[in-house]
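Taking it in order: structure first as structure tokens, then the write-up.
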Number of protein chains: 2
Amino acid sequence: MSERPDDPDIFKGGMPALSARLERGDILSELCPSRGILRHLASRWGFMVLLVLMTGTHRFSELRRKIGGVSEKMLAQTLQWLEGDGLVLRVSYPVVPPHVEYSLTPLGLEAGGRVKDLADWVEINLPRIAAAREAAQ
Amino acid sequence: MSERPDDPDIFKGGMPALSARLERGDILSELCPSRGILRHLASRWGFMVLLVLMTGTHRFSELRRKIGGVSEKMLAQTLQWLEGDGLVLRVSYPVVPPHVEYSLTPLGLEAGGRVKDLADWVEINLPRIAAAREAAQ
DNA sequence: GTAAGTACCCACCTTGAGGTTAGTGTGAAA
DNA sequence: TTTCACACTAACCTCAAGGTGGGTACTTAC
């Protein structure tokens, strides 16, 4: 990891203070809160919610239709996780029938960019991965 | 939600045929194989294996020591997934005690770069996310 | 002689992600 | 009149991800 040149011995015997590693954010540590965030946005549905919201604001049922196979329950839960992490903005209009709009916050837009990079790479390289799979067979 | 259409109108409007979307790799579709790959490399431990292997070749127990909290079983299973996807190279020397070296394939190196981007972003932006969390209360 | 390290595999168990079904209260369309 | 769409919530269930503890066949170090 290139931004960790100062502590080659971070993992050997003499670890720097745990608190220092956590402040900076050390995902390899068991206690680091970044693990939880990553579980949300790299979850099965979190990934795809970000991908769709990258294309613009959506209503709940629009998201549900675009993301193949997601259940109402999991979509609602995933949206709540991402809202709690400050990545997704939920705007509810008090009309009937209900009208709720979901979009990305600036934070969510940044994260979404990275997520999209990874997803795009996987999609583009599917043939190479499939080939590796058969070779490994 | 009994709508289980066969179904090209998940996406209304002029979407290309499902088969074409799958060839290109359409992660939003239920049947796209990229979902499985993503489950592996965005899994709890797959993520961190890639991060550590980005720093170079490692032995099994080196990985285990560096990745806080991973069990032997899950590390072995994760490595097998990633090896099967052609992202990780496993080289075993027939000596005793056993000696096995894990490294990234060119494919794994590319994927690892994206994974690292995402992980770095999360680590760096932990404070902003924590602030959003408190604001959401 | 015994403890620890090596890279695992096996059997069993727990946990939580995720699925299924049902229900809410309205307005609008059939 | 009945049905549907909307955006959910609650209850219940399943199943794989993940954890725990044991064993292996050796070697080196204490």
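When reading the values below, keep in mind they use all heavy atoms of this one structure, side chains included, and skip hydrogens, waters and symmetry mates. Convention: sequence-line order gives letters A, B, ...; per-chain numbering from 1.
Using a 4.5 Å cut-off between side-chain heavy atoms of Ile, Leu, Val, Met, Phe, Trp and Tyr, V95(A) falls into a hydrophobic cluster with L89(A), V91(A), Y93(A).
The side chain of A76(B) sits closest to dC8(C) out of dA7(D), dG27(C), dC8(C). Minimum atom distance to the side chain of V96(A) is reached by dT26(C), of the listed dC8(D), dG19(D), dT26(C).
We find that CZ of R59(A) is positioned 9 Å from C1' of dA7(D), with the value rounded to whole Å. The nearest whole Å value for the distance from the NZ atom in K73(B) to the C1' atom in dG22(D) is 14 Å. In this structure, E72(A) atom CD and dC6(D) atom P are separated by 10 Å, rounded to whole Å. Note: CD (Q77(A)) to P (dA10(D)) measures 12 Å, nearest angstrom. The separation between W81(A) atom CH2 and dA17(C) atom C1' is 7 Å, rounded to whole Å. In this structure, CE of M74(A) is placed 13 Å from P of dT9(D), rounded to the nearest angstrom. A straight line from CZ of R65(A) to C1' of dC6(D) spans 10 Å, rounded to a whole angstrom. Rounded to a whole Å, the NE2 atom of H58(A) is 17 Å from the C1' atom of dC6(D).
Taking for each of V100(A) and R39(A) the nucleotide of DNA chain D with the nearest heavy atom, the 5'-most of the two is the partner of V100(A). The 5' end of DNA chain C is approached more closely, in terms of each residue's nearest nucleotide, by Y102(B) than by the other of Y102(B) and W45(A).
Rounded to the nearest 0.5 Å, atoms CZ (F47(A)) and CG (L118(B)) are 6.5 Å apart. Q80(B) CD to D85(B) CG: the interatomic distance, rounded to the nearest 0.5 Å, is 12.0 Å. Note that NZ of K66(A) and CE of M48(A) are 14.5 Å apart. Values are rounded to the nearest 0.5 Å.
Note on Y93(A): nothing from the nucleic acid sits closer than 4.0 angstrom, heavy atoms only. Backbone-only engagement by Q80(A) is indicated by non-hydrogen atom pairs under 4.0 Å involving sugar-phosphate atoms exclusively.
Checking the phosphate oxygens (OP1, OP2) of dC8(C), a side-chain nitrogen or oxygen of R90(B) falls inside 4.0 Å. Phosphate proximity of dC6(D) to S61(A): present, with a side-chain N or O under 4.0 Å from OP1 or OP2.
Connection of W81(B) to V49(B) is not established within any shared hydrophobic cluster, with ILVMFWY side chains joined at heavy-atom distances below 4.5 Å, either directly or through further cluster members.
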